[in-house]
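For reference, positions follow the sequence shown, starting with 1. Given the structure is predicted, the values throughout are model-derived calculations rather than measurements.
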Amino acid sequence: MTNQRAKLLAELFGDNKGYLPQAKLLKLDKKLFFIKDDELIDFAIFCDRYMSNFVSKDAAIHKACVAWQRNFITHNAKPGARFFKNKDLMIEFIKEAFKNDELCSCGKGSGFINSVIILVDEFGNLRNKFRVNDNGVYTRLDANDEAMIFSWLFENQHKIGDCKITQEIKELTCDESPKLQESNFKNVKTKDEALAMIGKLSVCKRLKK
């Protein structure tokens, strides 16, 4: 950390005199490693949005970091991009940043048909939006499938947050063909069964917009 960065961090996130203890300064610099020096002021402005929602400044900065990093990944995603060097850190980020939200559409190597949507529930579990259980809840991935998705995302980090639905799934959900190939979905043999699993998603309506 350069002296210039340390001074700027202290002025932006320290007390009203621009002071930040050395230990907190080092911790903050490590947390904001993905933010360049010339982006720190913009981040501080972004962080102000969270200040009123949290009693702790540290909690507000943490939430702002997660949101900023998600935006950064979304806007810089491209094949070959690497945002995480450690898979466990990636998983920790995903479970918080995408809580109660769609995480990705699947692809080759994920263990699922292309364009199946995976979401993260409120407890950090991964669920398949194209499978609904008897209680009307999206089916939770078992440990093996979840591990496969995380390994696939680690190798294809540009897919984090990418939930685009491809032409393949448009044909699957919206054409008039009465049958699907059995290889497309596990335990699904007809179009009606696939649409039943989709349930309330109204995928066709969404795709035609």
Do Gln69 and Phe83 touch side chain to side chain, with heavy atoms closer than 4.5 Å?
no
Test Tyr138 against every option in Leu119, Asn128, Ile118 by the side chain to side chain contact (heavy atoms under 4.5 Å, CB included) rule and name the one that passes.
Leu119
How about Arg127 and Val137: do any of their side-chain heavy atoms sit closer than 4.5 Å?
yes
Are Val66 and Arg70 side-chain neighbours, meaning at least one heavy-atom pair lies under 4.5 Å?
no
Answer whether the closest heavy-atom distance between the side chains of Ile113 and Cys106 falls below 4.5 Å.
no
Flag the pair Asp121 and Arg140 as a salt bridge only when some basic side-chain nitrogen lies within less than 4.0 angstrom of an acidic carboxylate oxygen.
no
Answer yes or no: is there an ion pair linking Asp162 with Lys78, defined by an N-O contact shorter than 4.0 Å?
no
What one should report as the nearest heavy-atom pair of His158 and Gly80 is ND1-N, 4.2 Å
Roughly how far apart are Thr139 OG1 and Leu126 CG, rounded to 0.5 Å?
13.0 Å
Show the atom names and distances, to 0.1 Å, of all donor-acceptor pairs under 3.5 Å that link a side chain in residues 92-100 to residues at least two apart or in another chain.
residue : atom : partner : partner atom : Å
Glu96   : OE1  : His62   : NE2          : 3.0
Glu96   : OE2  : His62   : NE2          : 3.0
Glu96   : OE2  : Lys63   : NZ           : 3.3
Asn100  : OD1  : Glu122  : N            : 3.1

Let me check something: any side-chain donor-acceptor pairs from residues 39-47 under 3.5 Å, sequence neighbours excluded? List them with distances.
residue : atom : partner : partner atom : Å
Glu39   : OE1  : Lys36   : N            : 3.3

If hydrophobic clusters are built by linking Ile, Leu, Val, Met, Phe, Trp and Tyr wherever their side-chain heavy atoms come under 4.5 Å apart, do Leu89 and Ile73 end up in the same one?
no
Non-hydrogen atoms of Cys163 and Ile117 that approach each other most closely:
O-CD1, 3.7 Å
Test side-chain hydrogen bond (donor to acceptor under 3.5 Å, both in side chains) applied to Ser151 and Lys87, step by step
CA-CA 8 Å; Ser151 293; Lys87 184 164 70 173; 3.1 Å; yes
How about Asn125 and Val120: do any of their side-chain heavy atoms sit closer than 4.5 Å?
no
At what distance, to the nearest 0.5 angstrom, does NZ of Lys27 lie from NZ of Lys24?
8.0 Å
Between Gly109 and Trp152, the two heavy atoms sitting closest are C-CD1, 3.6 Å
Could you check whether any side-chain heavy atom of His75 comes within less than 4.5 Å of a side-chain heavy atom of Asn71, counting everything from C-beta outward?
yes
Check whether any side-chain heavy atom of Phe13 sits under 4.5 Å from a side-chain heavy atom of Leu32, and report yes or no.
yes
Nearest heavy-atom approach of Phe34 to Cys65 is CZ-O, 3.7 Å
Does Phe72 offer a backbone N or O that forms a donor-acceptor pair with the side chain of Asn76 under 3.5 Å?
yes
Same apolar cluster (I L V M F W Y, side chains within < 4.5 Å links), Met1/Phe33
yes
Quick check: does any side chain N or O of Asp15 sit under 3.5 Å from a backbone N or O of Gly18, one acting as donor and the other as acceptor?
yes
Which atom names give the shortest non-hydrogen contact between Lys159 and Leu153, and what distance separates them?
CB-CD2, 3.9 Å
Are the side chains of Phe84 and Ile160 in touch, meaning some heavy atoms are under 4.5 Å apart?
yes
Can you name the nearest heavy-atom pair linking Ile149 to Ser110, along with the distance?
CD1-O, 3.8 Å
